[in-house]
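Quick notes on the structure that follows.
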Protein chains: 2
Amino acid sequence: MTRQRQAILEVIRSDKRHYTAEELLSEVRRVLPNISRATVYNNLHALEDARLIRRITGEDGSDRYDSSYIPHGHFICSRCKEIYDFEIPEFSSTLEGLLGDKFDSYELKVRCVCPQCRDRLREA
Amino acid sequence: MTRQRQAILEVIRSDKRHYTAEELLSEVRRVLPNISRATVYNNLHALEDARLIRRITGEDGSDRYDSSYIPHGHFICSRCKEIYDFEIPEFSSTLEGLLGDKFDSYELKVRCVCPQCRDRLREA
DNA sequence: CTCAAAAATTAGAATTAGTCTAAAAATTTT
DNA sequence: AAAATTTTTAGACTAATTCTAATTTTTGAG
């Protein structure tokens, strides 16, 4: 666990946001101004291999990182693009039942309008 | 519906595979040798807007296209990377119940080893 | 039918996210 | 403390996708 790796992990854990690698690079540079882009990418992979974070694919195609390795649902607002976590009770067992076997991981993204945006739309 | 758009749609519908844009480009070129890459991308977007196909994000980051617009699960073999469709009964209503509202669409990817690869692994 | 306007196509340049490389720096082993 | 290993760095590179500007095709009004 190098200073760089530690700093990256701290930023990811500092907020429930789902950062992109590029966002992490600029955040971490506030602390370690010389950290390189490749180091961020290397460490994101290392941290995922170590099961400390989870990579998810953002709506725009760029990867984002979740401070929890445990799979869960994400719902993405079709308006503001914000990503929220949510749990589906028993979902893993449901999936296992359907597939008839254990699985490695899953990724669930639901696109819908978030409560805030719904209110904004109602006003307009 | 131009010749180009028609040809792209036909290739997508010709097989239950989930093609990448690049694969579609070379397939369609067998029929329309001068079709340009940009046309394929434009039409994939147009076809998705028209709800005739659905874009899904492949494991490697490149987009893939599904000949059905209706959301359903995909399971992706961790070994051979093949993508299979699967249905979860009542899943849409479950999601609606959890979110307390209608949603636009969802994308569910489950990573696991497919039956063929499991057999291959057992032999080895 | 025929001209103008709008939409789609084309080739290729540009952009973006991510990976790779080789040298330098840091860390660990002995 | 020297040698071996791992990590970091800057920047080159790649792959997928988007953008651009010119051309072609299609549409629709007269």
Side-chain angles (χ1 to χ4, degrees), chain A residues 1-12 17-66 74 76 81 83 105 107 109 111, chain B residues 1-12 17-66 74 76 81-83 107 109 111:
Chain A
M1 190 59 90
T2 59
R3 282 175 308 136
Q4 288 85 343
R5 188 167 303 179
Q6 188 64 53
I8 292 165
L9 188 55
E10 271 165 23
V11 174
I12 294 174
R17 288 206 45 215
H18 299 80
Y19 291 98
T20 61
E22 215 57 35
E23 288 166 349
L24 286 168
L25 177 63
S26 30
E27 284 303 310
V28 173
R29 276 195 171 155
R30 291 143 66 101
V31 182
L32 298 171
N34 297 319
I35 194 172
S36 120
R37 174 168 286 108
T39 301
V40 172
Y41 280 98
N42 286 344
N43 280 307
L44 287 171
H45 296 153
L47 288 167
E48 191 178 27
D49 291 347
R51 310 191 166 210
L52 293 172
I53 62 175
R54 164 80 65 182
R55 175 164 47 135
I56 58 179
T57 25
E59 275 301 81
D60 57 347
S62 63
D63 292 344
R64 293 174 171 273
Y65 290 87
D66 196 310
H74 290 105
I76 297 154
K81 310 297 177 195
I83 303 174
S105 68
E107 184 170 347
K109 290 186 287 185
R111 278 170 282 266
Chain B
M1 190 59 90
T2 59
R3 281 174 312 135
Q4 288 85 343
R5 186 166 304 178
Q6 188 65 51
I8 292 165
L9 188 56
E10 272 166 23
V11 175
I12 295 174
R17 290 206 42 219
H18 299 81
Y19 290 98
T20 62
E22 213 57 34
E23 288 167 347
L24 286 168
L25 177 63
S26 30
E27 284 302 310
V28 172
R29 276 193 172 157
R30 291 143 66 101
V31 182
L32 298 171
N34 297 317
I35 194 172
S36 122
R37 174 166 285 109
T39 300
V40 172
Y41 280 97
N42 286 344
N43 279 308
L44 286 171
H45 296 153
L47 287 167
E48 193 179 27
D49 291 346
R51 311 193 164 207
L52 292 173
I53 62 175
R54 164 81 62 183
R55 174 163 47 138
I56 59 180
T57 27
E59 275 301 81
D60 58 346
S62 62
D63 292 344
R64 293 175 172 274
Y65 291 88
D66 196 310
H74 291 104
I76 298 154
K81 311 297 178 196
E82 192 64 54
I83 303 174
E107 184 169 349
K109 289 186 288 186
R111 279 171 282 266

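Not measured: the values here are computed from a predicted model. Each chain gets a letter, A, B and so on, in the order the sequences are listed, and its residues count up from 1.
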Go through it in stages, so that I can follow the logic: the residues are B:I12 and B:L44, the test is side chain to side chain contact (heavy atoms under 4.5 Å, CB included), and I'd like the CA-CA distance, side-chain angles, deciding distance and then a yes or no. CA-CA 10 Å; B:I12 295 174; B:L44 286 171; 3.8 Å; yes
Does [X] place a side-chain N or O at less than 4.0 Å from the phosphate oxygens OP1/OP2 of [N]?
| X | N | answer |
| --- | --- | --- |
| A:Y41 | C:dT19 | no |
| B:T2 | C:dT9 | yes |
| B:T39 | C:dT10 | yes |

Can you measure from [atom1] ([X]) to [atom2] ([Y]) and round to the nearest 0.5 angstrom?
| X | Y | atom1 | atom2 | answer |
| --- | --- | --- | --- | --- |
| A:I53 | A:H45 | CD1 | NE2 | 9.0 Å |
| B:I35 | B:R30 | CD1 | CZ | 14.0 Å |
| B:I8 | B:R5 | CD1 | CZ | 8.0 Å |
| B:T57 | A:E107 | OG1 | CD | 6.5 Å |
| B:I83 | B:I56 | CD1 | CD1 | 4.5 Å |

So, do [X] and [Y] sit near enough that their side-chain heavy atoms are less than 4.5 Å apart?
| X | Y | result |
| --- | --- | --- |
| A:D66 | A:H74 | yes |
| A:E22 | A:S62 | no |
| B:M1 | B:L9 | yes |

Residue met sooner reading DNA chain D from 5', once B:G61 and B:R3 are mapped to nucleotides: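 By nearest-heavy-atom nucleotide position, the 5'-most residue is B:G61.
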Contact list please: residues 49-59 of chain A against DNA chain D, heavy atoms, distance less than 4.0 Å, in numerical order. none
Please state how far atom [atom1] in [X] lies from atom [atom2] in [N], giving the value in whole angstrom units.
| X | N | atom1 | atom2 | result |
| --- | --- | --- | --- | --- |
| B:L25 | C:dT10 | CG | C1' | 12 Å |
| B:Q4 | C:dA11 | CD | P | 11 Å |
| B:R29 | C:dT9 | CZ | C1' | 12 Å |
| B:I8 | C:dT10 | CD1 | C1' | 13 Å |
| B:L44 | C:dA8 | CG | P | 15 Å |
| A:E23 | C:dG18 | CD | C1' | 15 Å |
| B:D63 | C:dG18 | CG | P | 13 Å |
| B:I35 | C:dT10 | CD1 | C1' | 10 Å |

Nucleotide of C:dT10, C:dG18, C:dA8 approaching B:A38 most closely (side-chain heavy atoms):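 When the side chain of B:A38 is considered, C:dT10 is the closest of C:dT10, C:dG18, C:dA8.
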Under 4.0 Å from any heavy atom of chain B: name the first and the last nucleotide of DNA chain D that qualifies, 5' to 3'. D:dA16 to D:dC19
When the nearest nucleotide of DNA chain C is assigned to B:S36 and to A:R37 on a heavy-atom basis, which residue is associated with the more 5' position? B:S36
On DNA chain C, does the nearest nucleotide to A:E22 precede the nearest nucleotide to A:N42 from the 5' side, or the other way round? Give the residue.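 Result: A:E22.
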Sole residue of A:K109, A:K81, A:R64 in salt bridge (charged side-chain N to carboxylate O under 4.0 Å, His left out) with A:E59: A:K109
